[in-house]
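Only a predicted model underlies this, so the values are computations on that prediction, with no experimental measurement involved.
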Amino acid sequence: MKENPRLIRGMHDLLPEAYHGHQSVIDAALQQAHLAGFQRIDTPIMEESRLFDRGLGASSDIVGKEMYSFTTRGGEEVSLRPEGTASVARAFFSHGLAQSVPLRYFYAGPMFRYERPQKGRLRQFHQFGAELIGASGSLADLEIIALGQEILNTLGVADKTVLHLNTLGSTTDRAAFRDALLAYFSAHKASLSEDSLRRLDTNPMRILDSKAEQDRALLADAPMIDEYLAEASRRRFDQLCTGLQALGIAYVRDHHLVRGLDYYEHTAFEFITDALGAQGTVLGGGCYDRLFEIVGGKPATGVGFAAGIERLSALITAPEMPKADCALIPIGSEAEAFAPVLAQSLRRAGIATVYGFSGKVKARMKQADQSGVAFCVIFGTEELAQDVWKVKDMANGEETLLSTEALQAFLNTKIR
RNA sequence: GUGGCUGUAGCUCAGUAGGUUAGAGCGCCUGGUUGUGGUCCAGGAGGUCGUGGGUUCGAGACCCAUCAGCCACCCCA
């Protein structure tokens with residue numbers, strides 16, 4: 001316990017049961033993504049640090065203090081990815097994909113953030129996400145939100161979440177709004193919390209979602225984004241709202257929803273739950289047109305979301321683990337030697353077969369039982385001599401003697 | 001990064017105002033059954049009490065440090 005290697009802080013093993021929960025979340029998401037025409041991609045978990053430095057914005061906490069960054073033996077400055085979108089944007093340019101627009105991509109994998117661990121917050125965690133590149137406007141926003149909603153529906157967690165929706169306006173709208181906020185809060189510096197005083201310098205919009213009472217008291221009279229929206233921005237948002245209504249997707253307009261990454265503009269949304277403690281966002285995203293120019297120098301449009309697999313996994317009722325269909329219990333060295341042969345033929349017939357339990361027959365039966373198999377095939381010198389297999393139904397204890405062909409047929413009908 | 005709570009067997013926890021050989025339940029192993037699980041009965045193994053230091057005649061209990069976990073802030077998936 002003292003000298004042995006330990007788990008690094010904030011890192012978690014996924015034992016079979018937890019892994020299965022994760023996988024079923026990914027499977028459900030993937031299934032819906034497929035139905036919507038999104039294709040799976042993977043990008044490296046490591047990128048040049050400057051991709052994230054520039055892409056996510058220096059004012060974001062992620063870049064400021066949460067990245068796993070280091071210098072390689074070759075002297076490259078690299079970072080473990082803290083999120084997936086910047087990499088997708090990079091890949092867009094790396095492969096000249098501007099030709100093939102619009103693109104619908106889905107990804108899933110580990111992300112890394114050097115934060116203090118807490119409920120629903122790990123240093124290595126897993127996200128899946130969807131990105132729609134090269135389509136823009138309210139229809140693209142709607143498509144992405146609808147996919148997110150559909151995934152939550154499939155997972156059966158939709159009733160535990162609320163969709164929060166906001167618009168941040170275009171880059172120019174946002175800048176004007178920002179200035180107005182800066183002016184307003186600067187005039188009320190005395191009443192601001194310590195954290196918000198800091199935000200005033202780094203990112204005034206973040207004061208909007210402050211949890212501090214003293215800050216919230218100021219919010220009522222604070223400038224609203226709606227007052228700063230250009231006509232086109234307003235229309236885009238209105239059309240999105242109309243579209244959501246048409247799809248029967250409920251939402252709440254959250255004027256204080258601000259996302260932490262600098263690249264967002266126009267539509268921003270989060271599906272939030274109150275069942276997970278303080279880390280309530282389960283799936284969130286928005287429009288990130290600006291990211292492309294920052295990353296690749298050329299304009300493109302994008303909207304997408306990312307979802308926390310651990311958080312979703314904690315919300316769903318864990319599906320049952322898949323079990324093997326039957327276990328082999330050979331008795332005696334002759335039978336022992338034949339177990340692999342029988343296992344091979346059963347497996348080739350599509351029957352999931354386990355063997356190799358240790359100890360006496362009693363102990364093996366117990367292990368087989370605990371592995372959850374529905375049937376045991378018990379055979380020793382007697383059975384081998386008569387060329388039969390004794391099959392035991394673990395549910396009711398019934399035993400049947402069967403020939404090899406009959407065994408496969410028997411198991412196949414019982415299992416399906 | 002800041003604050004609060006916690007750290008005793010594989011798991012969940014108990015451990016009186018500091019006092020000899022640290023307990024329970026579950027799990028595990030063995031036996032009751034020569035080739036048979038899930039119930040029952042009997043027995044058994046397993047702990048440097050997170051780690052390091054200190055106080056004391058004596059520390060699992062008290063103090064300090066450190067590490068880890070949890071919860072909240074911060075931030076976000």
When we call it a touch if two heavy atoms are under 4.0 Å apart, what does A:L122 touch: a base, just sugar-phosphate, or nothing?
base

Proximity to the side chain of A:R6 - top-ranked nucleotide from B:A68, B:C76, B:C74
B:A68

Is the shortest distance from a Lys or Arg side-chain nitrogen in A:E270 or A:R259 to a carboxylate oxygen in the other one below 4.0 Å?
yes

Euclidean distance, atom CD of residue A:E399 to atom P of B:U36 [Å, nearest integer]
10 Å

I'd like to know if A:D215 and A:R206 make a salt bridge, using a cut-off of under 4.0 Å between side-chain N and carboxylate O.
no

Nearest-Å distance for atom pair OH/C1', residues A:Y263 and B:C76:
12 Å

Closest non-hydrogen atoms of A:A339 and A:F379, given as atom of the first, atom of the second and distance, are CA-CZ, 4.0 Å

Please tell me which of the listed nucleotides, B:C29, B:A72, B:A77, lies nearest to the side chain of A:R116?
B:A72

Which one, B:U36, B:C28, B:A77, comes nearest to the side chain of A:K366?
B:C28

B:U39 to B:G1 separation - P atoms, rounded to the nearest Å
49 Å

Answer with base, sugar-phosphate or nothing: what part of the nucleic acid does A:G277 contact at a heavy-atom distance below 4.0 Å?
sugar-phosphate

Considering every strand and a 4.0 Å limit on heavy-atom distances, what is the contact class for A:A368: base, sugar-phosphate, or nothing?
nothing

May I ask you to verify whether the side chain of A:E66 and the base of B:G1 hold a donor-acceptor pair under 3.5 Å?
no

Quote, to the nearest angstrom, the C1' distance that separates B:U21 from B:G25.
22 Å

B:C75 and B:U16, which share atom name C1', separated by this distance in whole Å
45 Å

Please pick, from B:G37, B:C70, B:C74, the nucleotide with the shortest atom-to-atom distance to any side-chain atom of A:H12.
B:C70

Heavy atoms under 4.0 Å, any strand shown: does A:Q370 hit a base, just sugar-phosphate, or nothing?
sugar-phosphate

Heavy atoms only, 4.0 Å cut-off, all strands: where does A:G120 land among base, sugar-phosphate and nothing?
base

Counting side-chain heavy atoms from C-beta on, which of B:C75, B:U36, B:A77 comes nearest to A:M365?
B:U36

With rounding to whole Å, what would you report as the distance between B:C40 and B:G4 at their C1' atoms?
48 Å

When the distance from CD of A:E194 to C1' of B:G1 is rounded to whole Å, what number comes out?
12 Å

Using a strict 4.0 Å threshold on nitrogen-to-oxygen distance, state whether A:R198 and A:D195 make a salt bridge.
yes

Between A:E336 and A:R364, is the closest basic N to carboxylate O distance under 4.0 Å?
yes

Report which part of the nucleic acid A:L7 touches: base, sugar-phosphate, or nothing (heavy-atom distance under 4.0 Å, all strands).
nothing

Would you kindly say whether A:S345 and A:R348 are connected by a side-chain donor-acceptor distance under 3.5 Å?
no

If the C1' atom of B:C26 is compared with that of B:G32, how far apart are they to the nearest Å?
22 Å

Provide the distance between the two P atoms, one in B:U30 and one in B:A45, to the nearest whole Å.
14 Å

Tell me the interatomic distance from A:R9, atom CZ, to B:U51, atom C1', rounded to whole angstroms.
16 Å

Dot-bracket notation for RNA chain B, counting Watson-Crick and G-U pairs under 3.5 Å, with | for partners on another strand
(((((((..((((.....[...)))).(((((.......))))).....(((((..]....))))))))))))....

Test item: side-chain donor near acceptor, A:E265 and A:T171, under 3.5 Å
yes

Is a donor-acceptor contact shorter than 3.5 angstrom present between the side chain of A:R121 and the base of B:C70?
no

With rounding to whole Å, what would you report as the distance between B:G37 and B:U33 at their P atoms?
12 Å

If the C1' atom of B:G50 is compared with that of B:G60, how far apart are they to the nearest Å?
12 Å

Tell me whether the centres of the aromatic rings in A:F92 and A:F292 are closer together than 6.0 Å.
yes

Let me know, please, whether A:Y114 or A:R259 comes out on the 5' side of the other along RNA chain B by nearest nucleotide.
A:Y114

Going by atom types alone, do A:D173 and A:S170 pair a side-chain donor with an acceptor below 3.5 Å?
yes

Rounding to a whole Å, what distance do you find between A:L401:CG and B:G35:C1'?
13 Å

How would you label the contact of A:G10 with the nucleic acid (heavy atoms, under 4.0 Å): base, sugar-phosphate, or nothing?
sugar-phosphate

Closest-nucleotide mapping onto RNA chain B: is A:R123 or A:D369 further toward the 5' terminus? I mean the 5' end.
A:D369

If we count only N and O atoms by modelled type, under 3.5 Å, do the side chains of A:Q31 and A:D27 hold a donor and an acceptor together?
no

Would you indicate, yes or no, if B:G31 has its OP1 or OP2 atom less than 4.0 angstrom from a side-chain nitrogen or oxygen of A:K360?
yes

Can you measure A:E310 atom CD to B:C70 atom C1' for me and round it to whole angstrom units?
17 Å

Do A:K392 and B:G37 have a side chain to base donor-acceptor pair shorter than 3.5 Å?
yes

Choose from B:C74, B:A77, B:U36 the nucleotide whose nearest atom is closest to any side-chain atom of A:K211.
B:C74

Between P on B:C75 and NZ on A:K119, what's the gap in Å once rounded to a whole number?
21 Å

Answer with base, sugar-phosphate or nothing: what part of the nucleic acid does A:A335 contact at a heavy-atom distance below 4.0 Å?
nothing

Here the distance between atom C1' of B:U36 and atom CZ of A:R364, to the nearest Å, is 12 Å

With a 4.0 Å limit, can you tell me whether A:Q118 has a side-chain N or O closer than that to the phosphate oxygens OP1/OP2 of B:G69?
no

